[in-house]
**Q** 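Pasting a structure below so you can have a look.
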Amino acid sequence: MHHTVPTRLQETRYLVLDDRIIDEVVAAKLTLGEVTKHPRNPLFGEDKPWEPRFDNVYANVIYDPGDRLYKCWYNPFIVDERVTHTPPEKRHPDWGNYMDVKPNRREMGLCYALSTDGIHWEKPELGLVEFNGSKQNNIVMRGVNGAGVFKDEHDTDPTKRYKMFFCGEPKMTVAFSSDGLHWNQPVPIRQIDAHGTHPNAFWAESLDKYVGFTRQHEGSVRLVTRTESSNFVQWTPDETILVGTSPRLQTHDMIVFQTCGIYIGLLGIMVYPADSNIDVKQHVELAWSADTVHWHRIAEGTPFMGHTPAEPERYGALPYDWGTIFAAAPIFLDDEIRIYYGAGDGYFFNWRNGYLALATLRPDGWAGYESIAADTSAFITTQPLTFDEPSVGITADVWDGGSVRVEILDKADSQYAVSKPIQTSVTNAQVEWDTSRSLVSLSGNSIRLRFLFHNAKLYAFQLRQRMRNT
């Protein structure tokens, strides 16, 4: 008696920003997705004696389903004599540049906050680290300059569940923790020099190794660099992967994460005006990579996360993120992507107030194709794909009177089937085929998909494909 082995299918989702899968683009353009800043912003600010200046905040936020908590590790200056020796009314450019103020001793620390909803945050008294004679604070470590913290589900050692990749003195450094609060003695990485930034690292499943990102300098120009490790202790010397297009547009940091089979980078860009090295701002742009080594910029020069403009532009009454934005790695929820970020209301090198803020993005909404002009029909065609089941899902925004249709093209590039139009915004919505022809005969064959859209923006598509050995 013969038993049929069930076919193992997996959902494969493709972001259309990945140009390796796109063969033809007609009357369409790839444009950035749109983030929405939360109406409760800013979520918290510098309200403790050990938080004289958040500076860049360098937030690391996760949602821990086991504890049902949002957890945030952030990195303020816990000592900043420039601030504590300057009366509040004189913390203003009219009284001089922040960087020139004396005394100027500073020390960064790693602090911890928690939340049940990700909006309302608590800074618990942890009793771990002494500050000014008391342990009644939320500090988990002192002397930490720019820390990337994450919960590692890959490592089976419970004492290393939480990992930190940070700028020590003078080398990049790692540390381990079972709970994210009690950390072991930090271990320096001899091969990599440290410069103040927001380094970050994670287990790259597709590469079967840890990958870390930090920053070096070439003269006065900042460079984003990459390193890798099999065990999070021994790392390769870091190598440059991104540099700004000019000394006036510098790459300050990049937060990297994996999604839909590729890697997305939230790239911090320092913008120097032509006539000043002081009035510097920072926004976030978008990049992607297939391997974490070779990177592609999307809409270079255009902010993916930009500043809230001032109305009127008066220093001292500026929006919370008018001057600087520093992204954290995102949290993926069913109905949205949350991107927490450090925000500053003044110039990078000057007096400013710091905050934690939140922006949201529709699922898979990093970038998408839309028509080059309103009321213009457009289409994109994929490279050949293996068609194992007549199931295609799409993620798209559709505006008034718009639609998206999907065509299946056979090996001869002839239209084999076309879907019914989708006329509302959807996420992973299965298309319905407007055909009496059976699609079963295409199973296992190579086909191409053509997406036709009008007053719509396509972000991603999804196939159910047979699992194959690679």
Side-chain angles (χ1 to χ4, degrees), residues 10-13 15 35-36 38 40-41 43-44 57-75 110-126 128 138 140-141 147-165 174-184 198 200-208 210-212 232 255-264 266 327-342 356-366 393 395 427-428 460 462:
Q10 63 181 357
E11 300 280 356
T12 305
R13 199 157 77 252
L15 297 177
V35 299
T36 301
H38 198 278
R40 293 294 298 267
N41 280 346
L43 304 183
F44 65 73
V57 187
Y58 295 151
N60 310 270
V61 186
I62 67 168
Y63 178 71
D64 190 330
D67 294 339
R68 297 184 179 180
L69 286 175
Y70 290 84
K71 301 177 178 180
C72 174
W73 294 262
Y74 63 104
N75 202 191
L110 186 67
C111 294
Y112 176 76
L114 54 87
S115 172
T116 56
D117 61 4
I119 308 300
H120 305 87
W121 290 87
E122 173 191 352
K123 299 174 182 178
E125 292 184 357
L126 300 173
L128 297 175
N138 66 328
V140 299
M141 189 181 290
V149 178
F150 69 103
K151 187 176 184 180
D152 184 10
E153 303 293 356
H154 164 75
D155 199 328
T156 57
D157 185 344
T159 68
K160 297 181 178 179
R161 178 66 65 230
Y162 291 87
K163 292 180 170 63
M164 190 192 319
F165 184 67
V174 299
F176 303 94
S177 171
S178 61
D179 60 3
L181 301 178
H182 302 81
W183 293 86
N184 76 326
H198 189 185
N200 59 112
F202 60 95
W203 175 257
E205 186 175 356
S206 68
L207 304 176
D208 198 33
Y210 294 99
V211 180
F232 212 77
I255 304 300
V256 179
F257 52 93
Q258 190 168 355
T259 182
C260 298
I262 65 170
Y263 298 88
I264 297 286
L266 299 177
I331 296 174
F332 294 87
L333 304 180
D334 289 341
D335 59 346
E336 69 181 11
I337 299 169
R338 290 187 169 188
I339 308 172
Y340 291 88
Y341 64 99
L356 181 76
L358 170 62
T360 59
L361 183 72
R362 64 111 64 239
D364 295 337
W366 305 103
T395 296
T427 299
N428 293 340
Q462 179 175 304

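The chain is numbered in sequence order, starting from 1. Being a predicted model, the structure only gives us computed values, none of them experimental.
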**Q** Report the residues that fulfil side chain to side chain contact (heavy atoms under 4.5 Å, CB included) with T36, sequence neighbours left out, ordered by chain and then residue number.
**A**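 For T36, the residues satisfying side chain to side chain contact (heavy atoms under 4.5 Å, CB included) (neighbours in sequence not counted) are T360.
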**Q** Under the rule for ring-ring contact (aromatic ring centres under 6.0 Å, His included), what residues qualify as partners of Y210, not counting sequence neighbours?
**A**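 Testing Y210 for ring-ring contact (aromatic ring centres under 6.0 Å, His included), a comparison that skips the adjacent residues, returns W203, F232.
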**Q** Do the non-hydrogen side-chain atoms of I262 and W366 ever get within less than 4.5 Å of each other?
**A**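 No, their side chains stay 4.5 Å or more apart.
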**Q** Looking at residues at least two apart in the chain, or sitting in another chain, which of them share a salt bridge (Lys or Arg N to Asp or Glu O under 4.0 Å) with D179?
**A**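 With neighbours one apart ignored, the set is empty.
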**Q** Which of parallel (below 30°), tilted (30 to 60°) and perpendicular (above 60°) describes Y162 and W183?
**A**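 Ring orientation, 0 to 90° scale: perpendicular.
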**Q** Tell me every residue that passes ring-ring contact (aromatic ring centres under 6.0 Å, His included) with H38, counting only those two or more places apart in sequence or in another chain.
**A**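 For H38 there are no ring-ring contact (aromatic ring centres under 6.0 Å, His included) partners, ignoring immediate neighbours.
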**Q** Do F202 and I255 have side chains that get closer than 4.5 Å, going by heavy atoms?
**A**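 They are not in contact (no side-chain heavy atoms under 4.5 Å apart), so the answer is no.
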**Q** Locate the shortest heavy-atom distance separating A328 from I339; write the atom from each residue and the value.
**A**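 The answer is O-CG2, 3.8 Å.
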**Q** Salt bridge (Lys or Arg N to Asp or Glu O under 4.0 Å) with R161: which residues, sequence neighbours excluded?
**A**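 Not a single residue meets the salt bridge (Lys or Arg N to Asp or Glu O under 4.0 Å) criterion with R161.
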**Q** Taking N75 for the side chain and A147 for the main chain, is one N or O donor matched with an acceptor at less than 3.5 Å?
**A**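 Yes, the answer is positive, given that a donor and an acceptor are paired below the 3.5 Å cut-off.
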**Q** Report the residues that fulfil side chain to side chain contact (heavy atoms under 4.5 Å, CB included) with T427, sequence neighbours left out, ordered by chain and then residue number.
**A**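 T427 satisfies side chain to side chain contact (heavy atoms under 4.5 Å, CB included) with R362, P363, T395 once adjacent residues are dropped.
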**Q** I'd like to check V57 versus Y341 (side-chain heavy atoms, cut-off strictly below 4.5 Å). Are they in contact?
**A**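 V57 does not reach Y341 side chain to side chain.
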**Q** Please name all residues satisfying side chain to side chain donor-acceptor pair (under 3.5 Å) with D364, sequence neighbours left out, ordered by chain then number.
**A**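 Checked D364 against side chain to side chain donor-acceptor pair (under 3.5 Å); matches are R13.
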**Q** Show your reasoning for whether side chain to side chain donor-acceptor pair (under 3.5 Å) applies to Y63 and R338.
**A** CA-CA 10 Å; Y63 178 71; R338 290 187 169 188; over 6 Å; no
**Q** Which residues pass the side chain to side chain contact (heavy atoms under 4.5 Å, CB included) test with S206, not counting sequence neighbours?
**A**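 Q258, Y263.
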**Q** Checking D157 now: which residues fulfil side chain to side chain donor-acceptor pair (under 3.5 Å) with it, not counting sequence neighbours?
**A**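 Only T159 meet the side chain to side chain donor-acceptor pair (under 3.5 Å) criterion with D157.
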**Q** Look at the side chain of N60 and the backbone N and O of Y58, then say whether any donor-acceptor pair between them is shorter than 3.5 Å.
**A**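 Flag set: sc N60 to bb Y58 pair under 3.5 Å.
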**Q** Could you list the residues that satisfy salt bridge (Lys or Arg N to Asp or Glu O under 4.0 Å) with E125, not counting sequence neighbours?
**A**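 In terms of salt bridge (Lys or Arg N to Asp or Glu O under 4.0 Å), with neighbours along the sequence ignored, E125 is linked to no residue.
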**Q** Is it true that Y74 and Y340 have ring centroids separated by less than 6.0 Å?
**A**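 Ring-ring flag for Y74/Y340: false, centres at least 6.0 Å apart.
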**Q** May I ask you to decide if L69's main-chain N or O and D64's side chain share a donor-acceptor pair within less than 3.5 Å?
**A**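 No, the answer is negative, given that no donor and acceptor are paired below the 3.5 Å cut-off.
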**Q** Can you measure from CZ (F150) to CD1 (I62) and round to the nearest 0.5 angstrom?
**A**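 Answer rounded to 0.5 Å: 10.5 Å.
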**Q** Heavy-atom distance under 4.5 Å between the side chains of I119 and Y70, does that happen here?
**A**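 Counting from C-beta outward, I119 and Y70 never come under 4.5 Å.
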**Q** Does D335 have any side chain to side chain contact (heavy atoms under 4.5 Å, CB included) partners at least two apart in sequence or in another chain, and if so, which?
**A**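 Testing D335 for side chain to side chain contact (heavy atoms under 4.5 Å, CB included), a comparison that skips the adjacent residues, returns L333.
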**Q** For the CD atom on E205, are there more than 12 heavy atoms of other groups (residues, nucleotides or ligands in this structure) within a distance under 6.0 Å?
**A**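 Open: at most 12 neighbouring heavy atoms sit under 6.0 Å from CD of E205.
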**Q** Which value, rounded to the nearest 0.5 Å, describes the distance between K151 atom NZ and K71 atom NZ?
**A**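 Rounded to the nearest 0.5 Å, the NZ-NZ separation comes to 5.5 Å.
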**Q** Can you see which heavy atom on R40 is nearest to which on L43, and at what distance?
**A**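 Closest heavy-atom pair between R40 and L43: O-CD2, 3.9 Å.
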**Q** Do you know which two heavy atoms are closest between F44 and A113, and how far apart they sit?
**A**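 Scanning both residues, the minimum pair turns out to be CE2-CB, 4.1 Å.
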**Q** Might you point out which heavy atoms bring A357 and N41 nearest each other, and give the distance in Å?
**A**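 Minimum heavy-atom contact is CA-OD1, 3.5 Å.
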**Q** Drop me the distance from I264's CD1 to L15's CG, to the nearest 0.5 angstrom.
**A**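 Going from the CD1 atom of I264 to the CG atom of L15 covers 6.0 Å.
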**Q** Among L181, V149, N138, exactly one meets side-chain contact (heavy atoms from CB on, under 4.5 Å) together with L110. Which residue is that?
**A**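 So, applying the side-chain contact (heavy atoms from CB on, under 4.5 Å) to L110 and each of L181, V149, N138, only V149 qualifies.
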**Q** Can you tell me how far apart OG (S177) and NZ (K163) are? Round to the nearest 0.5 Å.
**A**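 NZ of K163 is found 10.5 Å from OG of S177.
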**Q** Holding to salt bridge (Lys or Arg N to Asp or Glu O under 4.0 Å), I want the full list of residues that pass it with K123, two or more places apart in sequence or in another chain.
**A**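 Testing K123 for salt bridge (Lys or Arg N to Asp or Glu O under 4.0 Å), a comparison that skips the adjacent residues, returns D47, E51.
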